[in-house]
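Every chain is numbered from 1 and lettered A, B, ... according to where its sequence line falls, protein lines coming before strand lines.
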Amino acid sequence: MPPRVRFAPSPTGYLHVGGARTALFNWLYARRHGGAFILRIEDTDVERSSTDMVTAIFNSMKWLGLDWDEGPDVGGPHGPYFQTERLDKYRAAGFALVASGHAYRCFCKPEDLKAERSAAEAAGRTWNYDRRCQRRSAAEVAAKVAAGEPSAIRFLVPPGITAFDDLVHGRIEFDNANIEDFVVIRSDDYPTYHLSVVVDDVDMQVSDVVRGDDHISNTPKQVLLYHAMHAAVPRFAHVPLIMGPDKKRLSKRHGATSVGEYEAQGYLPEAMVNFLALLGWSPGGDQEIFSREELIQRFDLEGISGGNAVFNPEKLDWFNQQHIMRMSAAEILGRLRSAGLMNVGLEIGELQIEKVIDLLKPRSKKLADFVPQMRPFLSDDLVFDEAAVKKHLSDPAVPGLRKALASALRTVEPWTAAALEETLRAVAAAHGVKAGVLIHATRVAVTGQGNSPGLFEVLELVGRDRVIRRLELC
RNA sequence: GGCGAUAUCGUCUAGGGGUUAGGACAUGUGGUUCUCAACCACAGAACCGGGGUUCGAAUCCCCGUAUCGCUACCA
């Protein structure tokens with residue numbers, strides 16, 4: 001049986017890198033084994049959920065290339081895939097639990113319970129719900145319901161031990177005595193997470209639940225629910241969390257945390273996927289750079305490590321550059337265009353642009369890094385770096401050198417890096433200066449900047465007319 | 001506080017009863033060179049602590065410590 005896995009974000013915020021990695025692991029697992037990857041939106045927290053976030057999450061998933069086989073947009077046999085459209089199912093399940101004696105109506109007011117809890121905690125005591133409503137007689141409950149008194153449904157946690165075999169952590173056991181009777185249906189008739197997740201995972205025939213470590217403590221409650229519903233318990237794999245450099249939970253103060261921000265900053269989805277895959281998972285060898293296809297071939301749940309991982313932005317940069325260097329210039333050009341980064345007036349041909357891109361690859365960590373570096377090739381409107389101008393163009397001998405070089409370049413044939421280098425060195429020698437002096441001056445005159453790719457390659461691609469014009473402009 | 005998970009270079013990790021504990025990022029030094037990158041070479045850098053099991057423990061077990069998570073009518 002091919003596995004069925006799901007990613008079930010709550011649309012209360014953007015897709016953050018932790019969620020993205022969880023989604024990625026699920027996707028990789030499904031693709032590796034020819035299973036199904038389901039996307040489900042857990043929007044039962046109506047207060048905090050928004051449709052904008054739903055859209056943002058879809059966009060980030062698509063950007064990463066994590067396509068789903070069942071879910072919003074694409075549909076599927078187990079829909080709908082928004083929990084707020086499945087409310088009937090949860091209510092029916094809640095009532096069934098009451099009917100079978102696995103749950104009971106609770107008329108306690110949340111505020112009262114909260115007050116009792118905090119009072120107990122202030123006194124240093126642990127506090128668990130005391131089941132007072134479970135002791136009510138059937139007649140009493142019926143009367144309260146008939147009177148329209150609001151009530152929640154609580155699961156009656158049985159005594160015993162609840163255990164499950166986690167694919168990452170091995171066997172994990174909990175004493176039910178430490179689990180309090182939790183609410184499954186709130187008094188506003190909305191389900192809580194524990195109920196909706198189990199109802200949906202059963203309904204959608206999810207075989208493997210791959211999710212964040214933070215759910216380990218919730219799992220026994222859900223296992224209890226599976227048992228009460230006489231449903232098969234899926235396999236669980238709890239993946240460790242991603243932390244900030246201070247090992248605290250990743251948050252805004254750590255900088256960019258959402259996938260969308262990385263997209264906006266010019267990261268490649270290939271690099272993000274590669275980086276995220278290796279954060280908490282290892283295929284075992286020394287290889288670091290993986291294509292999407294290679295990841296699919298190698299991925300397995302067993303390779304997931306047990307401890308939390310720190311998000312290291314420097315390493316992401318490195319991955320990004322590695323992927324840029326492996327990508328064709330034509331592909332990069334396409335990405336630049338769709339990212340809206342190519343709106344400079346194009347004055348050179350497509351082929352020339354691709355040559356420029358190839359030249360710039362090793363010095364571009366992000367897509368946006370190409371833009372300022374491409375400018376001297378695409379436009380005559382140079383941006384001059386003051387320090388570079390001062391350093392390399394201020395010598396009184398420079399104007400004469402520039403003119404001499406310009407005139408020598410008029411007749412160079414062919415217009416290639418090699419011929420250009422020969423010519424420039426000859427001019428420098430004729431004037432008794434070191435080639436470096438003229439090279440640097442020429443670089444600043446032609447690019448406006450103190451740094452650039454090898455000067456002769458730059459000159460070749462900028463073109464004869466422009467080079468001469470820029471050299472003569474004093 | 002209770003319950004749970006985790007612990008190898010600064011970071012991501014490989015490995016795992018007997019190894020010079022491997023790789024990558026970052027860092028440093030050198031090479032290349034017209035600059036900055038890229039690239040190449042080299043270097044420094046780790047098995048949380050304590051007990052036990054064992055001929056032998058970083059590896060297995062226990063305890064401690066630290067970190068993270070859960071402890072809601074959030075997910």
| said: Using the ring centroid of each side chain, check whether A/F299 and A/W281 are separated by less than 6.0 Å. | reply: yes

| remark: From CD of A/E288 across to C1' of B/C25 the rounded distance in Å is 8 Å

| message | Can you tell me if A/R171 touches the phosphate of B/G4, counting only side-chain N or O atoms and a distance under 4.0 Å to OP1 or OP2? | response | no

| request: Pick base, sugar-phosphate or nothing for A/H392, based on heavy-atom distances below 4.0 Å to the nucleic acid. | output: nothing

| request: For A/P453, answer base if it contacts any base atom (sugar-phosphate contacts may also be present), sugar-phosphate if it contacts only those atoms, and nothing otherwise; contact means non-hydrogen atoms under 4.0 Å. | output: base

| Taking CZ from A/R211 and C1' from B/G69, how many angstroms apart are they, rounded to a whole number? | 13 Å

| query | Checking all strands, does A/Q322 fall into the base, sugar-phosphate, or nothing category for heavy-atom contacts under 4.0 angstrom? | reply | sugar-phosphate

| Closest nucleotide among B/A26, B/A75, B/C74 to the A/W318 side chain | B/A26

| field | Lys/Arg N to Asp/Glu carboxylate O, A/K355 vs A/D358, below 4.0 Å | value | no

| task | With C1' as the reference atom in both, quote the distance from B/G49 to B/U32 in angstrom, rounded to an integer. | result | 48 Å

| query | Any side-chain N or O of A/K248 under 4.0 Å from OP1/OP2 of B/C68? | reply | yes

| said: Less than 4.0 angstrom between a side-chain N/O of A/R425 and OP1 or OP2 of B/C34, yes or no? | reply: yes

| said: Side chain of A/M325 only, heavy atoms from C-beta on: which candidate in B/A75, B/A38, B/G4 is closest? | reply: B/A38

| message | Roughly how many Å apart are B/A7 and B/G15, using the P atom of each and rounding to a whole number? | response | 13 Å

| query | Going by an N to O cut-off under 4.0 Å, is there a salt bridge joining A/R86 and A/D203? | reply | yes

| field | Nucleotide nearest A/N312 when distance is taken to its side chain, options B/C34, B/A38, B/C25 | value | B/C25

| request: May I ask you to evaluate whether A/R154 reaches the phosphate of B/A72, defined as a side-chain N or O under 4.0 Å from OP1 or OP2? | output: no

| said: Once you apply a heavy-atom cut-off of 4.0 Å, does A/N218 come out as touching a base, just sugar-phosphate, or nothing? | reply: base

| Presence of A/S217 side-chain N/O under 4.0 Å of B/G69 phosphate oxygens OP1/OP2 | no

| message | When you measure only distances, ignoring hydrogens and angles, does the side chain of A/K315 come within 3.5 Å of the base of B/A24 through a donor and an acceptor? | response | yes

| Atom P, compared across B/A5 and B/C61: separation rounded to whole Å | 13 Å

| remark: Regarding the side chain of A/D286, the nearest nucleotide among B/C73, B/A72, B/G22 is B/G22

| task | Quick one: label A/G285 by what it contacts on the DNA or RNA (base, sugar-phosphate, nothing), any heavy atom closer than 4.0 Å. | result | nothing

| query | How do A/A8 and A/G306 order along RNA chain B: which one's closest nucleotide is nearer the 5' end? | reply | A/G306

| message | Starting the side chain at C-beta, find the nucleotide from B/A75, B/C74, B/A5 nearest to A/R48. | response | B/C74

| field | Separation of the P atoms in B/G28 and B/A38, to the nearest angstrom | value | 12 Å

| task | Could you check whether A/G450 gets within reach of a base, just the sugar-phosphate, or nothing at all, counting any heavy atom under 4.0 Å? | result | base

| How far does the P atom of B/C39 sit from the matching atom of B/U19, given to the nearest Å? | 35 Å

| Under 4.0 angstrom, heavy atoms only, what part of the nucleic acid is A/S282 near: base, sugar-phosphate, or nothing? | sugar-phosphate

| said: Distance check, P atoms only: B/A46 and B/U11, in whole angstrom units. | reply: 12 Å

| field | Pairing nucleotide - B/G30, Watson-Crick or G-U, each distance under 3.5 Å | value | B/C40

| message | Applying side chain to side chain donor-acceptor pair (under 3.5 Å), can you list everything that pairs with A/R154, at least two apart in sequence or on another chain? | response | none

| note | Assign each of A/A309 and A/S452 the nucleotide of RNA chain B bearing its closest heavy atom; nearer the 5' end lies the nucleotide of A/A309

| task | Would you mind classifying the nucleic acid contact of A/C106 as base, sugar-phosphate or nothing, using non-hydrogen atoms under 4.0 angstrom? | result | nothing

| message | Does A/E314 reach a base, just sugar-phosphate, or nothing at all? Heavy atoms under 4.0 Å. | response | sugar-phosphate

| field | Spacing between A/L113 atom CG and B/C73 atom C1', to the nearest angstrom | value | 9 Å

| request: In whole angstrom, give the distance that lies between atom CG of A/N308 and atom P of B/G4. | output: 18 Å

| For A/T257, side-chain contact (heavy atoms from CB on, under 4.5 Å) partners two or more places apart | A/L250, A/K252, A/E261

| message | With a 4.5 Å cut-off on side-chain heavy atoms, are A/V233 and A/F164 touching? | response | no

| query | Would you say A/R249 reaches B/U67's phosphate, i.e. side-chain N/O to OP1/OP2 under 4.0 Å? | reply | no

| Carboxylate-amine/guanidinium contact A/R186 A/E47, below 4.0 Å | no

| field | Interatomic distance, A/K247 NZ vs B/A5 P [rounded to whole Å] | value | 20 Å

| field | Sugar-phosphate only, base, or nothing, as touched by A/A435 at under 4.0 Å among non-hydrogen atoms | value | nothing

| request: Could you work out the separation of B/A21 and B/C9 based on their C1' atoms and round it to a whole Å? | output: 11 Å

| query | Given atom CZ of A/F370 and atom P of B/A38, what is their separation to the nearest angstrom? | reply | 14 Å

| remark: In whole angstroms, the gap separating P of B/G10 from CE of A/M243 amounts to 18 Å

| When the aromatic ring centroids of A/F275 and A/F311 are compared, is their separation below 6.0 Å? | yes

| request: Look at all strands and tell whether A/S305 reaches a base, only sugar-phosphate, or nothing, counting heavy atoms closer than 4.0 Å. | output: sugar-phosphate

| field | Sugar-phosphate only, base, or nothing, as touched by A/T192 at under 4.0 Å among non-hydrogen atoms | value | sugar-phosphate

| said: Any base atoms under 4.0 Å from A/F174, or only sugar-phosphate, or nothing? Heavy atoms, all strands. | reply: sugar-phosphate

| query | Reckon A/S364 touches a base, only the sugar-phosphate, or nothing at all at heavy-atom distances under 4.0 Å? | reply | nothing

| query | Any ion pair linking A/D130 and A/R132 (charged N to carboxylate O, less than 4.0 Å)? | reply | yes

| task | With a 3.5 angstrom cut-off on both distances, give the Watson-Crick or G-U wobble partner of B/G1, or none if there isn't one. | result | B/U71

| task | Provide the Watson-Crick or G-U wobble partner of B/U65, both distances under 3.5 Å; none if there is no partner. | result | B/A7

| Separation of B/A5 P from A/L241 CG (nearest whole Å) | 15 Å

| Taking atom C1' in both B/G44 and B/G10, what distance in whole Å separates the two? | 12 Å

| query | Would you call A/D201 and A/R40 a salt bridge, taking side-chain N to carboxylate O under 4.0 Å as the test? | reply | yes

| said: Does B/A72 have OP1 or OP2 under 4.0 Å away from a side-chain N or O of A/R117? | reply: yes

